[in-house]
Protein chains: 2
Amino acid sequence: MPTVKDVARRAGVSVATVSRVLNNSNRVSDKTRQKVLKAIEELGFKPNLLARNFRKDKSNLILVILPTVANVYFARVVKGIEDAARKRGYGILLCTTGNSPEIACEYLKLIERKQVDGAIIASARIDSETIFDLDQKKIVQACEFYPFLDTSCVLIDHKKAFFEIVDYLIKKGKKNILCAIGNEGIPSEEERKEGYRQALEENGLEFSEENVIRCRYGWADIYERLKVLICSGKYDAIACSSDLMAVGAIKAAKESLLKIPDEFAVTGFDNIMISRIYEPSITTVAQPMYEIGEKAAEILIDSLENPDGFSKQKIILPHEIKTRESA
Amino acid sequence: MPTVKDVARRAGVSVATVSRVLNNSNRVSDKTRQKVLKAIEELGFKPNLLARNFRKDKSNLILVILPTVANVYFARVVKGIEDAARKRGYGILLCTTGNSPEIACEYLKLIERKQVDGAIIASARIDSETIFDLDQKKIVQACEFYPFLDTSCVLIDHKKAFFEIVDYLIKKGKKNILCAIGNEGIPSEEERKEGYRQALEENGLEFSEENVIRCRYGWADIYERLKVLICSGKYDAIACSSDLMAVGAIKAAKESLLKIPDEFAVTGFDNIMISRIYEPSITTVAQPMYEIGEKAAEILIDSLENPDGFSKQKIILPHEIKTRESA
DNA sequence: CTGTTAGCGCTTTCAC
DNA sequence: GTGAAAGCGCTAACAG
C-alpha cells in the first residue's frame, strides 16, 4: 500500500506538499496540486486513517451507548445521531449495555483512551457508583438525564407529557386511573409518575401510591398484573409508560370483555409502529426521537470542536399527544 | 495525559518494559511488573489507543453495514455481531445505508483506509457497478448474499423456507395462493419466489406470474393492493415476505369480512414481535437473526486474524416455521 | 529479564 | 508556494 512518501516521490514534490493537497490546504499552486493528484490516482494511494487520526489526536468517532437496539424507539435515535454525525464527518461506535451500568462505564473509558472523541448516552442506565471522573464536555445525555452526571442533555419534558395524557383521560371522564411505569431509579419514570400525580390532584382526584404499577416495559408483565386488578371493576383507565405496556393492558381489558375506550381506556408512550397498527390503535405520546438523536450529536460535536466555547445545555424538545382509538 | 515515557520514568524502567506490562508479555519479572503497575496507577495512565492501533496497524473495529436499524430484524443481527465482536475485543462501527448502494460503497472504503479492519454487510443493498476491488477476506455477507461479491456469507435457505411455508398452506387445503414479495434485484426475494413456485408445482398446482405481487416491506402497500384483488374471491391465501406485509394482508382480509384462516390464510416472514402480538397472531418463518450476526462476526474475525488460513465459507443456518392463528 | 532504538504514516511548524 | 525535519505514543526488533 503506497504512502505519502511514495506519492511525493512520484509527483516530484515533498511529503509536506502531498499532505497539503490531502488536507485541501490552499497554500498549494494549482499546477503542483494536479501533479500530486495524478500521482495519487496512478498509485491508487489511500490515506491511512490510523496514522492520520493518531497524528491529529482525533478519532472522528463518537460512542453511542444505549440499552438495546432491538427497540424501534432507540433505533430512531441512533439514526438521528448517525445522520448528524455523518454530516460532520464522524462515525458512530455502537454499544448496547442491556442496561448494565458496568458495561456503560467500561465503554466510557474509550474516551480517555482516545478510541472515540466523545459519547452520547442514550437512555442507557448508569449509576453514580460505577461512573468515574469524566470530561463533561465530551458527553451528552439523550432521552434520559441522570443529574449526577453533570453534562448537557437533550430530551422531552416527561412530567409534562404524562401530565397531559392523564389530563386528557380525565377530561374524557375517567375517574379511576391506573398508572403503569417502569422500575424505580430511572429519572424519566419518576418524572412521569409525578406528572400523573399532578394531573390527578389538579383535577381534584386523589392520588394513591397503590394505583401506580411498577412493571417491565414489555407487554407480558402488565398484562398479568392487570388481569387481576381489572376484576375489581374499580378502574376505568390506565396510563402506560410504553406502547408495549399499553398492548398488554388492552389484551387484559379485552379478555375481561371491557369495551375500549368506553369502559376502559388505555394510553401508551413512544408512538412506535405497533401503536398505529394495533387494534384498537393506541393513544400515545410521540417523542421526537430522530430529532433528539440529531440534536444530541450536534451539540456534542460542537462542544468537541470548540471546547473553549463550551456551555452546558439542557435542551427540551416538544412532544406530541397522538389521540387514537384506545382512549 | 501521561504517556508510557512518564510511566517508565516514574517506575525507573524503560518504555519497552512498560509496553510489555501493558501487553501482558510474560517476559517481565513480577517485581518489575508491580513497580510499573504502581506507576500506572499513581499517574492515572491510560494507553492511547490511537497510537497503539496506529503502531499495530489494526483498528479493532468492524464495520457493520445495514439498510436500517429501525427494524427489529436487523437489530437482532446487530446484537449478535456486537456480542461476538466484543468477546474478541472488537468494537462495531455502525452504518445504515437506507439501501443506497452508493453509501454502502463509500463506507466500504474505510477498510482500505484502515479505519476498520473488516466489514459485515448485513442485508444492505449493494450493486456490481458501484462495488470496487475489495479484499474478500475482510468482508462477510450476512442475511443476504450477492454473488458478484465473492465473500463468505451466513444466511438461511430462503428458497427452502418459502417452499415449506407455501407447502404448509397447501397441506391446509389452500389452492389459490398469492405470494407477496419485495422488489426485484434482491437475491433472497428471488429465492423465495422460486420456493413458492416449486411448492405449487410439486403439489400439482399451477404457478402464475400474475399471482406474485411485488411490493414494499411495510404493511400499507400490500394492504392497498390486496383490497382490490381480494374482491375477486379467487384467492384463499397469501404467503408474504415479511410480517408487516402479513399485517397489511390481514387488515385487507378483515375489511372484506373474510374469516382468517378458514376463508383466507396469511403467512409472514421474520417472526418479529408483531407476529406474536397481533390478532390474529401470524404464522411465520423465524430466522436465527442473532446467530446469523454472531456467526458472521466470528468468521470475519477468524479470517482477519488468520488471513493465511482463509477459506471462503457459505454458512446456512436453520430456520423455523412458527405456526399461529393466521394460517 | 531488561534497555536502546528505530520507526509506523502522517501533519505541522519553521525556514526559505 | 514549497521543502526539511521533528515528532505524535506506542510497539517490537535487537542487543545485552
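Just so it is clear, the structure is predicted and the values come from calculations on it, not from any experiment.
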Subject >> Per-pair stack call F54(B) and dC10(D), 5.5 Å, 30° >> reply: no
Original post:
Looking at dG9(C), dT11(D), dT12(C), which one has an atom nearest to any side-chain atom of S19(A)?
Top reply: dT12(C)
**OP:** Look at the side chain of V15(B) and decide which nucleotide, out of dT4(C), dA5(D), dC10(C), has an atom nearest to it.
**Re:** dT4(C)
May I ask you to evaluate whether [X] reaches the phosphate of [N], defined as a side-chain N or O under 4.0 Å from OP1 or OP2?
X      : N       : value
R55(B) : dA12(D) : no
T3(B)  : dG9(D)  : no
N53(A) : dC10(C) : no
N48(B) : dC8(D)  : no
T32(A) : dT2(D)  : yes
T17(A) : dG3(D)  : yes
S29(B) : dT2(C)  : yes

Whole-Å distance between [N] [atom2] and [X] [atom1]?
X       : N       : atom1 : atom2 : answer
L50(A)  : dT11(D) : CG    : P     : 13 Å
K114(A) : dG9(D)  : NZ    : C1'   : 10 Å
N23(A)  : dT13(C) : CG    : C1'   : 14 Å
K58(A)  : dT12(C) : NZ    : C1'   : 17 Å
K56(B)  : dC8(C)  : NZ    : C1'   : 13 Å
K5(B)   : dA6(C)  : NZ    : C1'   : 14 Å
R9(A)   : dC10(C) : CZ    : C1'   : 15 Å
M1(B)   : dC10(D) : CE    : P     : 10 Å

Original post:
More than 12 non-hydrogen atoms from neighbouring residues, nucleotides or ligands closer than 6.0 Å to CG on N306(B), yes or no?
Top reply: yes
Original post:
Is the number of heavy atoms from other residues, nucleotides or ligands within 6.0 Å of NZ (K38(A)) greater than 12?
Top reply: no
Original post:
Between the main-chain N or O of S14(A) and the side-chain N or O of K5(A), is there a donor-acceptor pair closer than 3.5 Å?
Top reply: no
**OP:** Check R88(A), K138(A), K137(A) against E305(A) for a salt bridge (charged side-chain N to carboxylate O under 4.0 Å, His left out) and give me the one that passes.
**Re:** R88(A)
Original post:
Looking at CD of E191(A) and CD1 of I156(A), how far apart are the two atoms once the value is rounded to the nearest 0.5 Å?
Top reply: 10.5 Å
Please classify the nucleic acid contact of [X] as base, sugar-phosphate, or nothing, using heavy-atom distances under 4.0 Å.
X      : result
D57(B) : nothing
R27(A) : base
V13(A) : sugar-phosphate

**OP:** Indicate, yes or no, whether a donor-acceptor pair under 3.5 Å links the base of dG3(D) to the side chain of R20(A).
**Re:** yes
Subject >> Shortest non-hydrogen contact between I81(B) and A297(B), atoms and distance >> reply: O-CB, 3.9 Å
**OP:** Nearest-nucleotide wise, let me know which of P47(B) and V28(A) is further upstream toward the 5' end of DNA chain D.
**Re:** V28(A)
